Amino acid sequence: MSDLLQRLLAERPYLLADGATGTNLFEAGLATGEAPEMWNFEHPERIEALHQGMVDAGADIILTNSFGGSRYRLKLHKAQDRVAEINRRAVEIARKVADRAGRPVVVAASIGPTGELFEPLGPLTHAEGVAAFAEQARAQAEAGADVLWIETMSSKDEIRAAAEGAASTGLPYVCTLSFDTNGRTMMGLMPGEHAQLCHGLHPRPLAYGANCGVGAAELVAAIVNMSGAAESSDIIVAKGDCGIPYYVDGKIRYDGTPELMADYARLARDAGARIIGGCCGTSPAHLRSMREALENHTPGPKPTLEEIVHRLGQISLGANQQASGIPAPTDAGEGRRRGRRRREGASGEGAF
């Protein structure tokens, strides 16, 4: 069992995780509707180049190109019988880049949602979910991953199934949620509830936190709200989107500049995160600015919501209410709509 991530966390005050996978692959030619995971075979040199760009920018942790690597996601591309092959290849490409870096670089095997709803809201049983996650995680562990990185989750049921499946390998795991619906996940979880849930998992995740969402400001607000329920020994992860998405000529772009992402990194550190990276829209150029910002930053007090808004942009009413001790109302209708889109196979930005 690899203990590289634990050793680095014991030695350093913070670690830099990488940036986006999907949006950078779109820039490299990935077409809408294509499975990014198939590029591990069709264009391995482009996946390798993306990992190398992140390492060159200063990443201590790189995530594999396997976000949609469960049999339920791969079924959309008629590749559900290739789970082991696809996940092994994703890890092998990242491992190659990490091993030649000349410094310790953690290979984190990305595990995204199944796209299915769990009982009683949908057809997937807990046992089926555990089996699917274990199948994916087992291939990643056998290929040499240092840690399993469960990300962009939204429901307690799926978190528990993913954690159980990952833990069956003996590798440590990390778990991050996307708080993209008025300060909650689309299935209604608040950041503080995520911390409490992780405290009850056996074994506990090595680290937990937030990724994706609706911009850098909302992500930092989630970390502030999460840290209020954290224990002193908890390792919190912040992996926020590069600003806010917008459409240009039919393509999704993100308005975050390297300067904004540098400020996000500082605020995330002050909010309590020890693993800091970027999600959708975050390029190696953004990551390089984040590295420089963290290296020259003296940690300060936990930022207020007013400071977050002033420096990064607006946050949701729900995040504001949570910080004030008022439970944020969840939009159950939106949760159902998003759940339906997941079952139908719509591609979330997730690890993009």
Side-chain angles (χ1 to χ4, degrees), residues 2 4-5 8 15-70 73-74 77 79 82-112 136-149 151-152 171 174 211 239 242 254 258 261 275 277-291 347 349-352:
S2 173
L4 178 58
L5 181 54
L8 292 180
L15 296 175
L16 184 69
D18 64 7
T21 298
T23 51
N24 283 309
L25 293 185
F26 283 136
E27 290 297 316
L30 182 71
T32 301
E34 276 190 277
E37 295 76 19
M38 302 314 296
W39 270 31
N40 294 327
F41 303 96
E42 296 167 4
H43 300 289
E45 74 287 350
R46 299 183 195 181
I47 305 302
E48 184 177 336
L50 176 58
H51 291 320
Q52 188 65 57
M54 296 299 177
V55 170
D56 291 345
D60 300 305
I61 303 169
I62 54 175
L63 273 61
T64 60
N65 180 36
S66 55
F67 177 79
S70 71
R73 295 298 298 176
L74 292 174
H77 306 281
R82 300 180 65 188
V83 172
E85 176 190 12
I86 288 168
N87 283 278
R88 279 197 298 264
R89 185 62 180 139
V91 172
E92 288 167 357
I93 296 171
R95 184 83 268 162
K96 177 181 178 182
V97 174
D99 288 348
R100 70 183 182 212
R103 59 183 175 85
V105 173
V106 174
V107 172
S110 174
I111 298 174
Q136 183 179 8
R138 189 162 49 248
Q140 296 169 337
E142 291 171 354
D146 294 305
V147 63
L148 304 172
W149 196 280
E151 58 178 331
T152 325
L171 278 182
V174 171
N211 78 291
K239 210 166 188 290
C242 184
Y254 286 79
M261 292 304 285
I275 298 176
C279 204
C280 310
T282 307
S283 70
H286 293 102
L287 202 70
R288 187 171 293 108
S289 290
M290 292 166 61
R291 177 99 229 176
S347 177
E349 282 296 307
F352 286 11

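Remember, predicted model here, so these are calculated numbers, not experimental data. Residue numbers run from 1 in the order of the sequence given.
For H286 and S289, the side-chain atoms include no donor-acceptor pair closer than 3.5 Å.
Here the side chains of R82 and H77 are not in contact, with every heavy-atom distance at 4.5 Å or above. Contact annotation: the side chain of L25 approaches that of N65 to within less than 4.5 Å [non-hydrogen atoms, C-beta and beyond]. Annotation: side chain of V91 is not in contact with side chain of S66 (no heavy-atom distance under 4.5 Å). At a threshold of 4.5 Å between non-hydrogen side-chain atoms, the residues V97 and M54 do not count as touching. Here the side chains of T21 and S110 are not in contact, with every heavy-atom distance at 4.5 Å or above.
The two residues A285 and P258 have their closest heavy-atom pair at O-CB, 4.4 Å. For the residue pair A17 and I275, the shortest heavy atom distance occurs at CB-CG2, 4.1 Å. Looking at every heavy atom in both residues, A101 comes nearest to V55 through CB-CG1, 4.0 Å. Closest non-hydrogen pair, G58 versus L16, comes out as O-CD2, 3.6 Å. The two residues T23 and C280 have their closest heavy-atom pair at OG1-C, 4.0 Å. The minimum heavy-atom distance linking P284 with A57 is given by the pair O-CB, 3.4 Å.
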So F41 and I86, side-chain contact (heavy atoms from CB on, under 4.5 Å) or not? Walk me through it. CA-CA 8 Å; F41 303 96; I86 288 168; 3.6 Å; yes
Tell me, with the steps shown, if I93 and T64 meet side-chain contact (heavy atoms from CB on, under 4.5 Å). CA-CA 8 Å; I93 296 171; T64 60; over 6 Å; no
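Listed by chain and residue number, I61, L63, V147, W149 satisfy the side-chain contact (heavy atoms from CB on, under 4.5 Å) test with A108 (two or more places apart in sequence, or in another chain). In this view, H51 satisfies the side chain to side chain donor-acceptor pair (under 3.5 Å) rule with no residue, not counting sequence neighbours. N87 is linked by a side chain to side chain donor-acceptor pair (under 3.5 Å) to Q136, Q140, counting only residues two or more places apart in sequence or in another chain. Listed by chain and number, the residues in a ring pair (Phe, Tyr, Trp, His ring centres under 6.0 Å) with H43 are W39 (sequence neighbours excluded). Among residues two or more places apart in sequence or in another chain, the side chain to side chain donor-acceptor pair (under 3.5 Å) test is passed with S70 by none. Applying the side-chain contact (heavy atoms from CB on, under 4.5 Å) test to A84 and every residue at least two apart in sequence or in another chain returns R88, A139.
With K239 contributing its side chain and D18 its backbone, the two residues share a donor-acceptor pair below 3.5 Å. In this structure a side-chain-to-backbone donor-acceptor pair under 3.5 Å is missing from N211 to C279.
If you take CG on L171 and CD on E142, they are separated by 10.5 Å, rounding to the nearest 0.5 Å. The CG atom of L148 sits 11.0 Å away from atom CG of L5, with the distance rounded to the nearest 0.5 Å. With rounding to the nearest 0.5 angstrom, the CD1 atom of I111 is 14.5 Å from the CZ atom of R73. Rounding to the nearest 0.5 Å gives a distance of 12.5 Å between CZ of R291 and CG of D56.
Pairs engaging residues 24-46 under the salt bridge (Lys or Arg N to Asp or Glu O under 4.0 Å) rule: E27-R253 [sequence neighbours left out]. Sorted by first then second residue, the salt bridge (Lys or Arg N to Asp or Glu O under 4.0 Å) pairs that include residues 90-106, not counting sequence neighbours, are E48-K96, E48-R100, D60-R103, R89-E92, R95-D99, R95-D146.
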